[in-house]
Each structure stands twice: as structure tokens, then as C-alpha cells.
Amino acid sequence: MSNGGSYDPHAVEAEIYEFWEAGGYFHAEPNAERPPYVIDIPLPNVTGALHLGHALNNTVQDTLIRYHRMRGYEAMWMPGTDHAGIATQAVVEKQLKETENITRHELGREGLVKKIWEWKEDYGGRILGQLRRLGASCDWDRTRFTLDEVCAKAVYEVFFQWFKAGLIYRGLRLVNWDAYLQTAVADDEIIHETVKGKFWHYRYPVLTEEESAGLAAPAMREMPEDVARKAIARATGEDARMGTDYLSVATTRPETMLGDTAVCVHPSDERYQDLHGRYVLLPLQNRAIPIVADGLLAKMELGTGCVKVTPGHDPNDYACGQRNNLAMINILTTDGKINENGGAYAGQDRYDAREKVVADLESLGLMDQIEDYEHDVGHSDRSKTPIEPMLSKQWFVKMADLAESAMEAARDGRVTFYPQRYEKTYLDWLGEKRDWCISRQLWWGHRIPVWRFTGVLSAERVPDVEVTLQTWIDEEKVWHEAFEEHKDFQQRSKTILANTGMKGFFCPRPDFQRAFAEFAQANGFEQDPDVLDTWFSSALWPFSTLGWPDNYGKRFRDSGIEGLSEAPATQPSTLNPQSSIPASDLAYFYPTTVLVTSRDIITLWVARMVMTGLHFIGRVPFSHVHIHPVIQDGQGRRMSKSTGNGVDPLDIIQLYGTDALRFTMAQMDSETQDARLPVDYICPHCEAEFGQKPHHYGRKTVKCEKCKQEFATRVAGADLHEKHGLGLTTSPKFELGRNFCNKVWQASTGFVISNLEGTKGQRDAGTQVGADALGVEDRWILSRLAGAIGEIDRRFARYQINEVANTLYNFFWNDFCDWYVELVKPRLFERGTDGKVQPKADASADVARRVLAHVLDQSLRMMHPVMPFVTEALWKKLGAVAPRRGLSELRDAEPALIKAAWPEAGQRDEQVEREIDALQDVIRALRDTLARINTSRSGSKQPAIGKLPRAVIRADASIADGLAAQVTVLERLGRCEQVEVGADVTKPDESATQVLRGVEVYVPLGGLMDLAAEKKRLQKERNALNGHLERLTAKLSNEGFVSKAPAAVVEQERGRLAEMKDRLATLDRNLADLGG
RNA sequence: GGGCGUUUAGCUCAGUUGGCUAGAGCGCAUCCUUCACACGGAUGAGGUCACAGGUUCAAGUCCUGUAACGCCCACCA
């Protein structure tokens, strides 16, 4: 009755997905009858292509969404893409350079942005298409893009409100400056290269207390010529002493000394105790700069222990400057020349200035030593030129209060992490409360909606735009003004400009931004050129996608939800329909239920969503955060494109199908932080040899010698797949998923469904199947089913998706296929008089078919969230032969599995489970005996026997009857011609013996094999048992254990001891029979 | 440097509030083309739970330390 052929995923996947989309099953609407269950997708980049991280991440989300959809929630999975500022702009710029050989400067801002939009229209949907191939049941109707109008509206509203509230300010920050491309570069765009350089050691003269009297830190003063000359003379004199007359410092970038604003020593450095609070002379600039004690910057054991501090051009020094309230000076222009702060060196290229500074220090006699030095220098990945850390003005969001509220939400459990340990990452990061730099020197993104006056207001008020040291500091306190009305702006702006020396920043309310922009342009205002950090828009995703801020207040009032902050967060684990109909998407779908992501964006994204959600909506954006592992290759390295060690999920889908990929992914979602996945490579050579379809590979090793070589190259770093279009990537792990899909397919089509076809099993609609009509194996599989459903529910609640997958696997494969199917076969078929097998038509067979249909029905429901395609396909097939299913009562099955009800966990029947457990033990004992006989026979070159001729089973009275009723099953599954069961049977002579719990299994050998081997085996078993028994006896005779352990545990151990003693006695008795 | 994590069978990993005679898949060995499935069935071998201490009646599980490996963050005047 072979159904023929394995499961072919490609034959069903496209069609099934279309069926779901056409049926509108993915779409969710506010619905008073159902509680919402909402997940926001972690936004993939528009530039992105699906990788294994996505496969894992989205498999988990889809599994959760499908599970809850089946449980009756209004399940909504919000899809979308991120405009990914830097990444996208870089991709398009690169493309422009290659195809049209133009740079963005040639194209101009508007031109470039237009090009990127064109690119986005062409390629932006690719990643979403690939998510569809994963089976993702996203609500595609709601697809958003962080740069689209809806999201932009929220972005500008948030910016405006924060600006108005004084939470956004402009401040100094060190950026990685690419002087060639004249742009700031992100940290991850920097490559470190070791270069040969020099290490210059030179002196800063110490000023006497008298000379520096009246200098108040942090202010710096120009020192009079003569004072400077005297100080230098002391520092270079014959008897000049380090630590008294001068401090020696060292650097690889001597030109930065022009911007030094302090020298730093360790606070507990004995050598410089008396210098704390004193000043040194900064030569060449003749400026007094303070000596500060800072244990975080200076290290006593390194060099002289003195460090020059250049807050404007070094990240560590910058941090030191902030801690010690030092002045910060920028000495570079955007194209890498020394600016006006560099005094005599202004206008020179920084490398020319370096030589000049060195020469001048030498001529002053301050240069001590020049060493050759190899060190790492950050280079821009794009221009390959050295990065200059440079101070620049950036926009920031104040974190103090926002971070505190987000921390509180985690501490009081409004946001819970699964696994819990990741809460620490979140709290630690927020605890630093570092202000969030939100401006980026890019063109692709939300442009910062701030204008400032750069024109001429009136003849007598020409603003002094010269950037001096003082204005850098003063601008921190400059007037920030947010305008709510257009005419309000016209009126007040003039007053403000007059009052502030025209250094105000103006942020108009979003809804008259357009009108403002026109006015601004005509009146000498310029918009800030920068765009917002990409994370700024993604931080708003949970509510921006739902239409905030449109009619925000009104809709919430209409829905009867007042005092939002008091409203409880959605509890995902309980079905609790709300009574009033929420009027808007925002009111209904916010907060979302769970965020599923990997740990690297806990800080960048998770924490920020919580902050914005709390601030603007008054509720956390999600109740749960599930952090899943990061997938690594077989050597424990992170999979990445550049190393070429990644597995492409689309390759896996091609080879094994989507469900196989998903099952294996689900199985990897454990609580560990990394999961390894050994990578294999299949080359076209092999494919040609073994054929296209994966099942043609069979168990053969797919790697031919040629492939092995190519694979080795690939692992070493070459991305052959990408560069040469060769072969496919895979991992043996996916065979597990593939095999399971096939097993489900075979058992369903080849056994269950084919047995239901054309039988009367499903015709008796309306009749009840009472508990008494069920066979013991029926009750057993129903009990196991109940156990599996309960287990899966518990695992889902804790986001242990790997255990969900394992439970499905074990139930379906081990319990259902290996045991139940085999146990019911005798009830379904009989051998006719002609010797042919035919279906039985009696009541027991009808019940068996009904149970089979029911258990398959329930299994498909259970497996659907993880393996949606194969189960939906089988659901249709099952529906065709058994449209009405059920146990106590037949009901019409739902037309689509995706929307079918999740099964209820029924009662377990422990009595029956014990009974079948005993039966299985006996069957295994019989099979084992047969296998050992055949092994022994093959050793002595005798032919194998197909069946045992006879077995005698002695069982304790309590289970003897149960076993006796199963003689047919024992004969069939134990592969034995004749089985005899009883409480008082006689042991046949020369028997192979197995001693189980309360059961002895005798197989008369009659020369089938050597008895000595049997004796040896029993002795080994006896010794092992005896060891356990001794340990248990010791445990139970330990007074501490008996008195302190819980009574139930003691009782359990006593029972186990008695059982062991019993078994040992039986083993001894049987050994005695064998003359041992 | 700071933080987090991992170390259990040849490989990849499970192991719940401590109660374990430590499990799975792959691989391995032997047998089976028996009427769903060779992407299969059956049976078996294989482990001092990294190491050293400690807590406890009881430790794979909790604590401390050591070692190796990995990830994230900060950075090397």
C-alpha cells in the first residue's frame, strides 16, 4: 500500500502560502471578541538579504504568532523594513561610483536621496519576499518603512515634543572624521591597521605657583612672553628635574598638542602629589593648562605616568575632559587642516603641522626622545585614510529620566526578559545614562527638523559667527525654541533673534513645518544638514506603525480607555477579552506582547523602545522580551558574509524545504547564548552526480574530493558561493528537520489517511465513542497526546521553543509512529482466506480509525506553528477522507489549519501509561533477545532467524492479566511465534532470561545460541545492579537522609530499593539456574 | 580592561524549584528491502558531567576559585 514518494516541499509550499494570503488569515483588526497578540518584527535593513539569524528570529516569531492565532487571539505580526542610514547610503554610493562613476558630492543631496529612493523601490522588497518563503504570516497589509510618511510623522512629533521639553540639546561629541570624504564615520566602518610610526617624548614646563596664581581651572590663559620664556628655560636647564621643572609626556600625534587642555597624572602617584591643581605651560601656544589627577586616564606604571590631554581629538581624553570639566578645543578643519585654534600653525595640513611642531619643540630644547613605534590606527573603510577623532556639534537626547523610567519598568516586571539573565545587560547599559547622540552626518534619513538663522537680520546686527573657544561653550546654553504656531513663530522669532545674538535653534511643530520651511528659506534660516540616527525611528516602531500621533487623544477617549498609564499591560498567557471595543489600532494593538530578538540590540533598540513607549504612550511597548541564541559556525565563529562561513537559508529551503529549516531553527532556540551549526558545502559537481533533489543524496557523503578542496578554501575565507556562484551551503543539522517532515508526511498519507479512505470508520456520524469502546492502546495514545499538549503549552509560556520542537518530535515519532501505529495494526487488517491483507470492518477497527483520525487531527494542529506547510497540506488531505472528526463526537473540521483551534490538553491516564510501559519493556526484551541470538549466530556463521520460536513470560499477579490480554501484540511486535504469559508459568530449560520490573522473560534457546554468553551478560547486569543497590542502601541507612529529606523522596527511594532487591534476587535465581 | 556566557557520549546539544541508575539527534556496530516510511525499522556499544575546593541528607544542577573557549561593550598616551 505504498503511497509512493517522499514529502516534496516544493510541490506544496507556494500553493499553501497563496491559500493563506488569499484567505486573509494573516490580517488582524481590532476585535472586541478576542484579546490581541502582537509582535513587531525586528526591522531588517532594506539593503539586507535573508541570513540564518533572520531564519531563526522569524521562525520563532511566526511560531508564536501561529500558536496564539490558533488559541483564539487576534494575532498581528507587524512587518516592515528599516532605512538603515549608513548601510543603505553606502550601498547606493558604491553602486553610483561603479556604474556611473559619480560621487554624492557631484550628485548633490537631493539627487542622491532620489537615487536611493529609486534603489529602494527596486530592491527594498526583496527581504520581505524572502520572509514569505520562510512562511512568515505577517500582516502584510500593514507593512511599513521607517522612512515612509506614517513613520516620519511620528519621528517629527517625537522630536518636536522632546525639543520643546528641553530633552534634546546640542553638544560636543567626538566623532570619527574621515578628512578625505569629509564625513563622520560610524564605529563599525573603521578598520584597524598596524602602521609604523614614531613615539615622541617631550617636556611641558611646570609653572610656579606664583606664575599661575589667579588662573582658575578650567580657564586657560595666554601667558606673557617672558613668563613662558622663563618656564622653558627652567625646563631645559642643566639641572632641570622631571616632576618639578617639567613633566614629560609622549604621543604618536604631536600636532594634537596644539589642542591640549591639561596634563593628567594618577591621583595616587607619589611622584606628582604636590603638582595637583598646578599648571604647566603648553609650549608653542604659550598657554597655561592645568595638571589634573584622574585615575581613569593616567596609569602610574606606564612611562612617566603623565599623559597629555587632548579632549578635542582623543576619545579617552574627551572622557577625561568631561569628568574634569576641562576646556575642549577643536584644532582641525573638516578637510584635515589646522584651524584658527592652532595659532601659528593655522592653515597647514595636519601632517605638515606635525613636522613643524616637532621641529619647533626641538629648537626650544623640549624634545627628549623619538622612538620608532608600531601601533594600530583606525582607517576609514571607505576612503582608506586615517581617521581623525574630532569634536563636532551634535544633537543629543538627555537620558537621565528616560533611562530611569525604562529601568523601573524592568525592575517592577512590566518588561520581563526570557531568559531572565538578559535583564542585566539592559539595566547595566541604561544605568550609565549616557546621552543619546541622535545626529548623523548623512543624507539618507529623517532630516533634523531644526533651523537656525545664518543670514542678516538687519544692518546693525550682523551676527558674529566666528567660532571661538568661548562660543563653543556658550552655544551649549543657547536658546532652543519650539514653535507651536506659524504666526507665533514670525512674531517671536524676531524678538528671540534680537535677544540671543541670533544663535537660536528653531524647531517648528510638525504640522506647519512645510510653511515654516518656506518662511525660513526666505528669511535667512538654514536647516540642520544632519539626519537622525536610524535607531531614532526604530525606537518609535511599536506606536509609529499604529498611526500615532494622529487623533491619539481622541481615539483613546473614544475607546473609553482613560488614564493609559494605569491600564494593565496585555498578558499574553491568558485569554481575557476586553469588554469595550477599542476604536483604534493603537488602542487595541499597543502595547505589543513580545519582542523576539538577539542580544546584540538589547541596548540599541529594546531599551530605546521602552523609553519612548513610556514617555509618549505611558505604557511599555511590550511585556516580554525573548532573546534567542546567536548562530555560529562549526568552529564557534559568528556567521558573517565577510568570513564566508554562513549558511544561506534559501539554500536550505531549496535542499530540504521550509518546514525542515524551521523545525531545525526552532530546535536551536534554547536558552544558551550561542548555538553552533557545522557548515557543509555542496558543489555543482556533486549535484550533477547525485541529482537535484535532496532525497537522492541518500546516505552518501555528498562531498567529493573536488568539493572538499573548494570547501576548505571557502572556510578559509573565500566566499565561493557568492563570488563564483558555486554550489550550496548546508549543515547536517537540517537533515533532522527534513527527516521529521518526511516522517509526518509518510505516516499521515501512507498510513492514517490511506486507512481512512473508503472505510466506514468515518461514516458513523453522531455516534458516541464511549470510554469503554476504546482499547488500551487508544487510551494510551490519548493520554500521551494530553501530556504532549500540556508540555507544549508550558514550554511556549517560557519561550523554550526548542523544547516545543522536541516534544512534537518525540510524541509523533516515538509514541505515535513507533508504538501506537504498530499497536493498532492488528485491529485494522486481517489476512483473508486468499492470504491477502484486507481491512477489517468490525467495531474495534472503526474505533481505531476514529482514534487515528483524531490523533492525526490533533497532531497536525500541534505541529502547525512550527511546520506550517506540511501540516496545512496534510490537513487538506485528511479533510478529504474524514471531513468530520472527533472522539466523543464528530464535528466538521475547520477549513484551514492556520485558523483551527489549538487542542485542549485532556486528562492523562497514568494507569494505562504504566500498563503500556510494561508491555513495551517486554517487547524490547524479546527484540533484544532475538537480536542477540542473531548476533551470536552471525559470529558463528549460522543464518539469522526471523522470529523467536517461543517465549514464556512470568509476571507478577498485578500485571499478568494485562500482559496476557496482549499476547497477539507481544507475538507480533516481539517477533515471536508463540508467547505464553502467566503468574505461575514454568521456566523452560536452557532459556535466555531477561529480568524486568516484576516480569521475567524466558526464551528457550534450544541450541539457537551459546548459553555461556547469556550467563556472562546476566552476571554483568547483576554486578551493575548490585552497585546501584549498595549505594542506595547506604543512602537509606544514612540518618541524615531519612530525617531531613522530604518524606516523598525517602518513600520513593525505599520503593526503588525494594524493587532492586527483588530484581537482584530474581537475577541470582536465574544465574543459579545457569549454574552460576 | 569591564560585563555576559559556555565547558555533559566521537560531533551538535538537552537536562525545569538540587532527588539521576545522566538523555536526544547525527555518527558508529549488528540485524532487517515484514503490507506508511531506507529521509525507514529493530537492537546495542559509547559519559569520573573541564579542573580544584565548598554548601547540603543529597550537586550535572547552588557557591568560590582555576583553566580553556566564545560573545558584547570600552579601549591601548
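Proteins get letters first, then strands, A, B, ... in listed order; numbering begins at 1 in each.
Side-chain nitrogen and oxygen atoms of A:K1035 include none within less than 4.0 Å of the OP1 or OP2 phosphate oxygen of B:G19. OP1 or OP2 of B:A36 lies within a sub-4.0 Å distance of a side-chain N or O belonging to A:K825. For A:R738 and B:C39, the shortest distance from a side-chain N or O to OP1 or OP2 is not below 4.0 Å. Considering only side-chain N and O atoms, A:N1038 lies nowhere under 4.0 angstrom from the phosphate OP1 or OP2 of B:A58.
Using a 4.0 Å heavy-atom cutoff across all strands shown, A:W813 reaches sugar-phosphate atoms only and no base atom. Among the atoms of the strands shown, base atoms are found under 4.0 Å from some heavy atom of A:A1045. Residue-level contact check: A:K424 touches the backbone only, with heavy atoms under 4.0 Å from sugar-phosphate atoms and none from bases. Contacts of A:S670 with the nucleic acid, taken as non-hydrogen atoms under 4.0 Å apart, involve only primed sugar atoms and P, OP1 or OP2. Nucleic acid contact class of A:D317 (heavy atoms, under 4.0 Å, all strands): none. Note on A:R924: only backbone sugar-phosphate atoms sit closer than 4.0 angstrom, heavy atoms only; bases stay farther off. A:M1060 comes within 4.0 angstrom of a nucleotide base, judged by non-hydrogen atoms across all strands. Among the atoms of the strands shown, none is found under 4.0 Å from any heavy atom of A:E1039. When heavy atoms are screened at a 4.0 angstrom cut-off, A:C264 is found touching no nucleic acid atom at all. Within 4.0 Å (heavy atoms only), A:R795 reaches at least one base atom of the nucleic acid. Contacts of A:R421 with the nucleic acid, taken as non-hydrogen atoms under 4.0 Å apart, involve only primed sugar atoms and P, OP1 or OP2. Across all strands, A:S1043 comes closer than 4.0 Å to no nucleic acid atom at all (heavy-atom distances). A:K308 comes within contact range of no nucleotide atom at all, as no heavy-atom separation falls under 4.0 Å. Across all strands, A:Y809 comes closer than 4.0 Å only to sugar-phosphate atoms, never to a base (heavy-atom distances).
Under 4.0 Å is where a charged nitrogen must lie from a carboxylate oxygen, and between A:E671 and A:R421 no such pair does. Taking 4.0 Å as the cut-off between side-chain N and carboxylate O, A:R924 and A:D928 do not count as a salt-bridged pair. In summary, A:E1059 and A:R1056 do not engage in a salt bridge, as defined by a charged side-chain N under 4.0 Å from a carboxylate O. A salt bridge links A:R1063 with A:E1021: at least one charged nitrogen is closer than 4.0 Å to a carboxylate oxygen.
With RNA chain B read from its 5' end, the first of the two nearest nucleotides for A:M668 and A:R798 is the one closest to A:M668. When the nearest nucleotides of RNA chain B are assigned to A:F199 and A:N814 by heavy-atom distance, the more 5′-ward of the two goes with A:N814.
Look at CZ on A:R676: it is 6 Å from P on B:C13, rounded to the nearest Å. Rounded to whole angstrom, the span from the OH atom of A:Y422 across to the P atom of B:G3 amounts to 17 Å. In this structure, CD of A:Q800 is placed 18 Å from P of B:C13, rounded to the nearest angstrom. If you measure from atom CG of A:L736 to atom C1' of B:G25, you get 6 Å, rounded to the nearest angstrom. A:I945 places its CD1 atom 18 Å from the P atom of B:U34, with the value rounded to the nearest Å. Atom CE in A:M867 sits roughly 17 Å away from atom P in B:C39 (whole-Å rounding). As a whole-Å value, the separation of A:L856 CG from B:A36 C1' is 12 Å. The distance from atom CG of A:N739 to atom P of B:A38 is 11 Å, rounded to the nearest whole Å.
For A:T935, the side-chain atoms get nearest to B:U30 when compared with the rest of B:U6, B:G41, B:U30. Of the candidates B:C13, B:C76, B:U21, the closest approach to any side-chain atom of A:T672 belongs to B:C13. Among B:G70, B:A36, B:C31, the nucleotide with an atom closest to any side-chain atom of A:D674 is B:G70. Each of B:G19, B:U43, B:C31 was ranked by its minimum atom distance to the side chain of A:D928; first place goes to B:U43. Comparing B:U43, B:U34, B:A14 by their nearest atom to the side chain of A:R975 picks out B:U34. Of the candidate nucleotides B:C57, B:U12, B:C20, B:C57 has the atom nearest to the side chain of A:K1044. The side chain of A:D818 lies closest to B:A42 when the candidates are B:A42, B:C37, B:A36.
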Go through A:V1050 and A:F1041 one step at a time and tell me if the side-chain contact (heavy atoms from CB on, under 4.5 Å) criterion holds. CA-CA 8 Å; A:V1050 176; A:F1041 175 70; 4.1 Å; yes
A:L677 and A:F734: side-chain contact (heavy atoms from CB on, under 4.5 Å), yes or no, with the steps?
CA-CA 10 Å; A:L677 190 77; A:F734 294 105; 3.9 Å; yes
(message) The test is salt bridge (Lys or Arg N to Asp or Glu O under 4.0 Å); show your working for A:E1014 and A:R932 and say whether it passes.
(response) CA-CA 9 Å; A:E1014 189 63 9; A:R932 275 185 295 108; 2.6 Å; yes
Does the pair A:Q667 and A:Y809 meet the rule for a side-chain contact (heavy atoms from CB on, under 4.5 Å), with working shown? CA-CA 10 Å; A:Q667 229 202 6; A:Y809 187 94; 5.6 Å; no
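Taking the P atoms as reference points, B:C20 lies 14 Å from B:U61, given to the whole Å. Comparing B:U16 with B:C76, their C1' atoms are spaced 44 Å from each other, to the whole Å. Here the separation of B:C57 from B:G18, taken at their P atoms, is 15 Å to the nearest Å. Straight-line distance between the P atoms of B:A59 and B:A52: roughly 15 Å, to the nearest whole Å. Distance noted for atom C1' between B:G15 and B:C49: 11 Å (whole Å). As rounded to the nearest Å, B:A45 and B:C51 have P atoms that lie 24 Å from one another. Using C1' as the reference atom, B:U66 and B:A9 are 25 Å apart when rounded to the nearest Å. Rounded to whole Å, the C1' atom of B:G41 lies 28 Å from the corresponding atom of B:U21.
The partner of B:U21, taking Watson-Crick or G-U wobble pairs whose two distances both stay under 3.5 Å, does not exist in any strand shown. For B:U61, there is no paired nucleotide, since no Watson-Crick or G-U wobble pair has both relevant distances below 3.5 Å. Base-pair partner of B:C49: not found among the strands shown (Watson-Crick or G-U wobble, both distances under 3.5 Å). In this structure B:C31 sits in a base pair with B:G41, meeting the Watson-Crick or G-U test at under 3.5 Å. Nucleotide B:C71: paired with B:G3 (Watson-Crick or G-U wobble, both distances less than 3.5 Å).
Using bins of under 30°, 30° to 60° and over 60° for the plane-to-plane angle, the ring pair A:F812/A:F816 lands in the tilted bin.
For the pair A:L1064/A:M1060, no side-chain contact is recorded, criterion being any heavy-atom separation below 4.5 Å from C-beta on.
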